*Asks:* 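This structure is in structure tokens; I'll ask about it shortly.
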Amino acid sequence: MSAAPHPRELLLIGGGGEMTLSVDVAVQALEQARARGLRTHVTNRADTLAATPAVTAAADTATAVDFARPGDTADWAAGRATDGERPALVFGVREMAQEAVAATAQALELPGNPPAAVRRIRTKDACRAALAAAGFRQPAVRVCRDASEARAFLAATAGPWVVKPRDGADSAGVRKVTGPDDLPAALAQLPDREAPFLVEEFVDGREFSVEGVFVGGSPRVLAVTAKEKLPPPYFVEIGHVLPADLPEETRRSVEETVTAALTALELCFGLFHVELWLTAEGIVLGEVHVRIGGGWIHRMLPHVRPGLELYGTVYDDALGLPVDLPTALPAPERAAAARYFAPPEGRVTAVSGWDAVRTHPAVLHAELRVGPGDVVPGFRSGGDRVGAVVVGAATPAEARELARELVASVRFTVEPVDAVDTGDDVPEVRVDLEPRPLTSSFRISHMTIETVDHLRLRLLQGGRTVGEGEITADSGYGQDGPAIAAEAEALARTLAAACDDTRHGADGADPVAPLRAALEKAAADGVGAPARMLVEMAFLDRAARRAGVPVWRLLGLPEPGRVRLLHTVPIGEDIPLDGRPLKIKLGGADDEQILRSLLGVPAPLILDANRGWDRQDWERLRPLLAELAPAVLEDPVRDPALLPAIRAALPGTAVVLDEGIATAGDAAFAVGTAGGLNVKLMRFGGILPALDALTDATEKGAARMLGCFLEPPRAIAYAAQLAGLCDWSDLDGHFWVSDDRPVPSYGLDSDAPGIPRIAYTPEPARREAAAI
């Protein structure tokens with residue numbers, strides 16, 4: 001007897017987020033699939049699955065798969081398909097999951113948007129460029145890496161401007177600036193202050209969005225929504241009205257422009273939400289999304305178009321079922337509006353009027369997530385919303401007015417909260433790991449490195465990043481990325497709950513002392529140095545942000561200024577002759593040939609053998625080394641007993657030890673036997689233990705080098721805060737990890753609190769801290 005066939009399955013990638021709106025969207029999507037006889041399978045991050053039980057309860061099965069890695073999601077789904085568990089369609093309701101949805105649909109040869117098209121619209125500057133090339137009005141925009149590039153764009157264009165993340169949602173980090181003086185505060189609000197960001201011309205006009213669905217690959221507009229936003233500098237939506245009260249000719253022009261833009265962008269599947277402005281010059285298109293709009297639009301649309309099932313329409317179309325949706329829909333005959341609560345900042349002591357709002361007959365949805373004792377943060381992004389009211393009415397004007405009246409009828413009594421105490425709630429800890437290929441292979445004496453694991457630890461409060469650490473792990477050095485991630489997450493959760501006294505100056509206490517003590521205990525308990533560094537970065541970043549200063553100032557360090565770099569030359573690469581100090585990697589069979597090629601080079605030489613020489617190698621190379629008289633000889637031999645002879649033979653050369661120098665005891669050994677050390681934060685466990693080692697070496701007159709592994713720019717900038725304490729800086733590891741172009745020097749942009757960013761444009765006002 002043959003087995004019964006499996007029912008067709010919907011694979012919902014990314015499930016729902018932790019906010020109630022996102023959960024509601026995901027549950028509706030699952031319910032409309034179930035109504036069509038579809039089995040449902042949800043994927044999401046493990047922690048989000050655990051935090052959204054309503055979503056997992058609405059699904060038949062759930063699996064922890066990280067949608068932030070589209071290729072992994074597609075490979076996982078392809079593996080299931082090979083085992084006979086092939087979904088009938090792939091869908092996602094969350095913005096950040098759309099690339100994984102597209103990649104998985106393509107891998108399974110199911111209906112979906114082209115992955116390249118989704119990547120394009122999710123990279124805001126790429127979307128702007130594509131729309132402009134297709135003839136649609138767009139504001140001027142520039143991708144910037146630091147404040148100096150942003151200031152250059154401001155100088156070349158007419159203001160005002162908007163600073164925003166290159167890839168984001170909920171208006172997080174979006175801020176209006178009217179001139180260079182506004183930039184530091186705007187950059188401090190970016191969710192990821194190490195990532196490239198956008199500065200674009202501010203568009204002066206009324207804002208709208210267009211909601212719709214693709215049927216047969218063509219866009220069908222369901223409604224135009226009017227947006228209401230809080231005044232600048234932030235751009236947080238405070239309300240929506242649907243349909244927008246527009247003249248028929250204007251509405252038709254908006255719909256035609258949006259459908260033409262979606263076609264030009266090669267989008268063809270699912271739902272869409274396109275933002276735009278109506279200006280004196282005409283329609284200016286904003287961001288494009290292949291999901292339903294936020295702001296409870298998913299509740300408002302079915303009210304104004306009775307019988308409409310947003311997600312069911314997508315499923316029917318993908319499954320080849322008939323879809324009763326005309327190409328051009330008439331304007332809706334009734335209206336809906338949503339309005340968010342925006343109580344003043346502070347600790348809530350009382351709330352009145354809520355019960356009357358919640359039970360009002362016109363209310364389609366109402367929620368309030370704060371009560372007495374809760375702290376209301378500033379309203380700067382969608383993540384700061386504390387509740388909403390959604391109503392239905394006969395006309396747009398009536399719906400707008402009713403939503404406003406109901407929200408205004410709820411009264412909040414709040415008391416001031418000192419700014420240093422607004423972070424008292426235990427922050428959420430999130431750790432992400434992503435394998436990242438190097439921009440080019442990196443060869444040293446005992447291995448060639450092609451790929452590293454990129455680890456990012458964030459401390460989140462109210463959906464916003466309040467502290468962040470970032471490192472890379474290299475298995476060639478015995479750094480196990482997944483193990484480091486697990487160690488760091490466990491340590492961060494412990495510190496988040498037990499070490500929240502990192503408030504600057506609270507009760508006159510040292511804001512760093514509790515963190516230092518906790519990290520020293522973690523080291524004694526055997527927590528690895530990379531995990532400690534990652535956690536230290538996030539918590540010091542948080543402490544500095546709360547204190548309103550950069551980390552170097554929080555720690556009492558000299559301002560870093562310009563960092564003059566060595567030019568690292570891996571084994572096998574050509575040696576540049578541009579006058580910069582050269583760090584030459586040795587320890588291979590061709591060392592003698594390489595050293596001979598350096599004779600007469602007019603630049604300081606730093607030679608690093610990575611412990612590649614034995615006694616015979618040293619004796620063979622000694623005459624050449626004596627003739628070259630390098631400025632620094634790093635880790636020349638495996639046997640430390642040879643170091644006294646090397647120092648005697650090269651009296652003008654600083655000998656420093658690197659490999660294995662990871663503790664205060666190791667540092668003392670290096671100073672005593674070699675006369676110098678190379679400090680790498682990843683080995684020491686962060687800036688605090690490294691600072692102790694450098695201070696001791698300085699007091700003893702030892703040579704001090706500041707080094708790194710192949711690390712991301714944020715980790716390099718973190719280490720560079722110690723550059724003013726060292727003789728040499730070897731902090732160029734990010735050029736192999738990121739798209740940053742190698743340069744001979746850089747500064748640190750210390751305008752904003754927290755961990756500084758690398759600034760490649762010279763800052764004449766800053767003193768130049770010598771690394772050479």
Side-chain angles (χ1 to χ4, degrees), residues 444-445 563-659 661 667 669-680 694 697-698 700-708 723 725-732 744-745 769-772:
I444 59 176
S445 63
V563 180
R564 301 286 183 185
L565 297 179
L566 311 179
H567 190 133
T568 301
V569 183
I571 291 176
E573 292 195 8
D574 293 337
I575 296 170
L577 301 176
D578 57 6
R580 266 187 287 169
L582 299 177
K583 181 168 182 177
I584 310 296
K585 291 290 187 178
L586 300 170
D590 299 328
D591 283 357
E592 185 172 350
Q593 179 182 345
I594 293 171
L595 290 174
R596 290 190 185 281
S597 71
L598 295 172
L599 292 170
V601 170
L605 296 176
I606 293 85
L607 307 180
D608 182 7
N610 287 111
R611 291 184 176 180
W613 299 337
D614 55 21
R615 182 180 294 275
Q616 184 177 358
D617 293 323
W618 158 246
E619 293 296 343
R620 174 171 53 87
L621 300 173
R622 181 161 57 95
L624 270 174
L625 291 166
E627 186 174 356
L628 284 169
V632 180
L633 184 59
E634 183 178 350
D635 266 338
V637 289
R638 292 186 284 271
D639 184 0
L642 294 173
L643 291 173
I646 292 173
R647 294 177 68 185
L650 303 172
T653 297
V655 179
V656 302
L657 299 188
D658 172 20
E659 304 285 342
I661 306 304
F669 172 80
V671 169
T673 58
L677 77 165
N678 185 354
V679 170
K680 292 179 178 175
L694 286 173
T698 300
K700 294 177 179 175
R704 295 147 299 155
M705 179 179 286
L706 189 59
C708 65
L725 304 178
C726 298
D727 304 301
W728 304 87
S729 289
D730 184 23
L731 297 176
D732 61 354
S745 70
I772 56 175

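As the structure is a computational prediction, the values presented were derived from the model and not from experiment.
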*Asks:* Within the structure provided, determine whether L586 and L595 are in side-chain contact (heavy-atom separation under 4.5 Å).
*Replies:*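 The answer is yes, as the side chains (C-beta and beyond) meet within the 4.5 Å cut-off.
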*Asks:* Looking at residues at least two apart in the chain, or sitting in another chain, which of them share a salt bridge (Lys or Arg N to Asp or Glu O under 4.0 Å) with D639?
*Replies:*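 If we apply the salt bridge (Lys or Arg N to Asp or Glu O under 4.0 Å) test to D639, skipping adjacent residues, there are no hits.
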*Asks:* With a 4.5 Å heavy-atom cut-off, do L642 and W613 have their side chains touching?
*Replies:*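 A side-chain contact is absent here, since even the closest heavy-atom pair is not under 4.5 Å.
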*Asks:* In Å and rounded to the nearest 0.5 Å, what is the CG to CD1 distance from D591 to I584?
*Replies:*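 Answer for the CG-CD1 pair, D591 versus I584, is 11.0 Å.
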*Asks:* Taking all non-hydrogen atoms of both residues, which atom of A674 and which atom of L657 are closest, and how far apart?
*Replies:*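 Smallest heavy-atom distance, with atoms named: CB-CG, 3.6 Å.
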*Asks:* Not counting sequence neighbours, which residues clear side-chain contact (heavy atoms from CB on, under 4.5 Å) with E627? List them please.
*Replies:*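 E627 satisfies side-chain contact (heavy atoms from CB on, under 4.5 Å) with L599 only.
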*Asks:* With P640, which residues qualify under side-chain contact (heavy atoms from CB on, under 4.5 Å), at least two apart?
*Replies:*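 Scan of P640 (side-chain contact (heavy atoms from CB on, under 4.5 Å), adjacent residues dropped) gives L643, F669.
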*Asks:* To the nearest 0.5 angstrom, please state how far the CD atom of Q616 sits from the CG atom of L621.
*Replies:*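 Result: 10.0 Å between the selected atoms.
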*Asks:* Between CZ of R638 and CG of D614, what distance do you get to the nearest 0.5 Å?
*Replies:*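 Rounded to the nearest 0.5 Å, the CZ-CG separation comes to 5.0 Å.
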*Asks:* Under 4.5 Å between any side-chain heavy atoms of N678 and D608, yes or no?
*Replies:*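 Side-chain contact under 4.5 Å: no.
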*Asks:* NZ of K680 to CE of M705: how many Å apart, nearest 0.5 Å?
*Replies:*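 Interatomic distance, K680 NZ to M705 CE, rounded to 0.5 Å: 9.5 Å.
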*Asks:* Could you name each residue pair satisfying salt bridge (charged side-chain N to carboxylate O under 4.0 Å, His left out) that touches residues 646-655, not counting sequence neighbours?
*Replies:*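 Those involving residues 646-655 do not exist here.
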*Asks:* For V656 and A703, which heavy atoms make the closest approach, and how far apart are they?
*Replies:*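 Nearest pair, atom of V656 first, then A703: CG1-CB, 4.1 Å.
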*Asks:* Which residues pass the side chain to side chain donor-acceptor pair (under 3.5 Å) test with T698, sequence neighbours left out?
*Replies:*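 Side chain to side chain donor-acceptor pair (under 3.5 Å) list for T698, sorted by chain: R704.
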*Asks:* I need the T653 OG1 to I646 CD1 distance, nearest 0.5 Å.
*Replies:*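 Spacing of OG1 (T653) from CD1 (I646) equals 10.5 Å.
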*Asks:* Applying side chain to side chain donor-acceptor pair (under 3.5 Å), can you list everything that pairs with D730, at least two apart in sequence or on another chain?
*Replies:*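 Only T568, K583 meet the side chain to side chain donor-acceptor pair (under 3.5 Å) criterion with D730.
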*Asks:* Can you name the side chain to side chain donor-acceptor pair (under 3.5 Å) partners of R622, sequence neighbours left out?
*Replies:*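 Checked R622 against side chain to side chain donor-acceptor pair (under 3.5 Å); matches are E619.
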*Asks:* CG of L731 to OG of S745: how many Å apart, nearest 0.5 Å?
*Replies:*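 These two atoms lie 12.5 Å from each other.
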*Asks:* Search all heavy atoms of A723 against all heavy atoms of V563 and return the closest pair with its distance.
*Replies:*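 Heavy atoms of A723 and V563 come nearest at CB-CG2, 4.0 Å.
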*Asks:* State, to 0.1 Å, how close W618 and A645 come at their nearest heavy-atom pair, and which atoms those are.
*Replies:*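 Nearest pair, atom of W618 first, then A645: CZ2-O, 4.4 Å.
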*Asks:* If you look at every heavy atom in S597 and V601, which pair is closest and at what distance?
*Replies:*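 Nearest pair, atom of S597 first, then V601: O-CG2, 3.9 Å.
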*Asks:* Partners of R620 by salt bridge (Lys or Arg N to Asp or Glu O under 4.0 Å), sequence neighbours excluded?
*Replies:*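 Result, salt bridge (Lys or Arg N to Asp or Glu O under 4.0 Å) vs R620: E592, D617.
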*Asks:* Any side-chain heavy atom of L605 sitting closer than 4.5 Å to one from L582?
*Replies:*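 A side-chain contact exists here, since the closest heavy-atom pair is under 4.5 Å.
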